[in-house]
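Residue numbers start at 1 and run along the sequence shown. Indexing begins at 1, ligand by ligand and atom by atom, following the structure's order.
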Amino acid sequence: MRRIAHISDLHFGTEDPPVAAGLLTDLAEQKPHVVAVSGDLTQRARDTQFASAKAYLDQIPSAKIIVPGNHDQPLFNLAERWLWPLYRYKKWITPELRPLLQDAELTVVGINTARRNTPKSGRVSMDQIRWLRETMVAAPRNHFRVLVAHHPVIPPDHNPEETVVGRAKLMLQTLEASGCSLILAGHLHKAYSGDVRPYHVEIKRSILVFQAGTAISHRRREEPNAYNLITIDGDRLQLEVRAWDGAQFATLNRREYEQKEDGWTVRPI
Ligand SMILES: [Fe+2]
Ligand SMILES: [Fe+2]
């Protein structure tokens, strides 16, 4: 059994201090094996914001896998944005833009989808897709394979026109062939989940997508601050959305999945 806390869009510079403290308290209680951070650690990629993000993440004792988001590259400093878009992210958070985290049960890989010229939708490169295939294929057979990225591969139900990450289809074909079961992403500040197949009809194997809202920023989009707590136990998977209720993080909703022949199926709780 493994438990992953998926937190996203922290946006330091716009963080809500009581919520930020509440998340640390909740994570200390939930004790996830892994914390996956799916980008937008800062609001404007400033040194002070990265310093705050770094100090905050250092307080979480779990193993972490972190990827940048579009807000982690500068918006106004065009020279830096063009020449060294992730210079400050690498300096403060990690120089690794292709993080890989493995234990006895899990292979979790991360990719950077932020691009200096397409901040809204992001993109995956052919080189990243090749690396994903190699890494997922090389993982031990019994491992549950997870991808962490900032930009979504499926839109939310209420807005099917929402742009998804560039080359999503090519990447999903690779993930389908290499055994990936779950994609964790953020960017839209909306918590939603689904299978890739209804949107990407050419994909035949079930791959789940869990999107997280903003964990601690006041840049909410008509939703409370929230994060995803995921429990992986053999053929069973549980997604619990834990949201800020004004005093603490608590269960907002829970969904259980079971791996069947035709893919991940929602089980009544
Ligand atoms: Fe964001
Ligand atoms: Fe974003």
Side-chain angles (χ1 to χ4, degrees), residues 5-17 19-20 23 35-46 48-54 56-57 64-78 80-82 85-90 92-94 97 99 110-125 128 147-156 158-159 161-168 171 183-193 209-228 241-244 249:
H6 168 211
I7 66 177
S8 198
D9 296 81
L10 307 175
H11 283 283
F12 271 91
T14 66
E15 78 279 18
D16 190 333
V19 182
L23 180 61
V35 171
V37 185
S38 57
D40 280 0
L41 281 70
T42 66
Q43 179 61 17
R44 284 285 170 252
R46 299 202 168 110
T48 49
Q49 295 169 352
F50 276 123
S52 299
K54 159 94 173 123
Y56 186 80
L57 292 172
K64 284 175 275 272
I65 183 157
I66 307 170
V67 297
N70 50 300
H71 277 259
D72 299 318
Q73 46 190 22
L75 182 63
F76 302 117
N77 184 336
L78 293 180
E80 183 176 327
R81 180 187 182 84
W82 192 253
L86 288 169
Y87 165 73
R88 289 172 211 277
Y89 174 86
K90 289 195 208 169
W92 285 101
I93 305 299
T94 170
L97 295 180
I111 55 165
N112 162 37
T113 54
R115 296 293 182 270
R116 46 198 171 189
N117 50 353
T118 54
K120 283 230 155 151
S121 54
R123 197 165 174 82
V124 184
S125 70
Q128 285 173 312
L147 170 68
V148 184
H150 181 60
H151 293 86
V153 297
I154 59 171
H158 73 274
N159 187 8
E161 302 300 310
E162 187 69 72
T163 313
V164 299
V165 69
R167 294 206 178 99
M171 179 176 74
I183 299 171
L184 306 177
H187 181 58
L188 298 176
H189 300 199
K190 293 273 188 193
Y192 61 95
S193 54
V209 175
F210 295 164
Q211 290 282 141
T214 167
I216 61 169
S217 165
H218 61 65
R219 290 169 51 93
R220 294 181 303 271
R221 311 241 165 93
E222 298 127 31
E223 287 187 10
N225 289 111
Y227 76 97
N228 293 329
V241 178
R242 293 186 65 79
W244 180 249
F249 278 88

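Residue Asp9: no N/O/S atom is found under 2.8 Å from the Fe ion (ligand 2). Taking backbone and side-chain atoms together, His71 has no N/O/S atom less than 2.8 Å away from the Fe ion (ligand 1). At a threshold of 2.8 Å, the Fe ion (ligand 2) has no backbone or side-chain N, O or S atom of His151 nearer than that distance. Residue His187: no N/O/S atom is found under 2.8 Å from the Fe ion (ligand 1).
Relative orientation of the His71 and His11 rings is perpendicular, given thresholds of 30° and 60° on the angle between their planes.
Residues Pro99 and Thr94 have side chains not in contact (no heavy-atom distance under 4.5 Å, counting atoms from C-beta outward). Asn70 places a side-chain heavy atom less than 4.5 Å from the side chain of His151. Leu184 places none of its side-chain heavy atoms less than 4.5 Å from the side chain of Asn228.
The N, O or S atom of Asp40 lying closest to the Fe ion (ligand 2) is OD2.
Ion pairing of Arg88 with Glu80 is present here, as a side-chain N (NZ or NE/NH1/NH2) and a carboxylate O approach within less than 4.0 Å.
The angle subtended at the Fe ion (ligand 1) by NE2 of His189 and NE2 of His11 is 90°, given to the nearest 10°.
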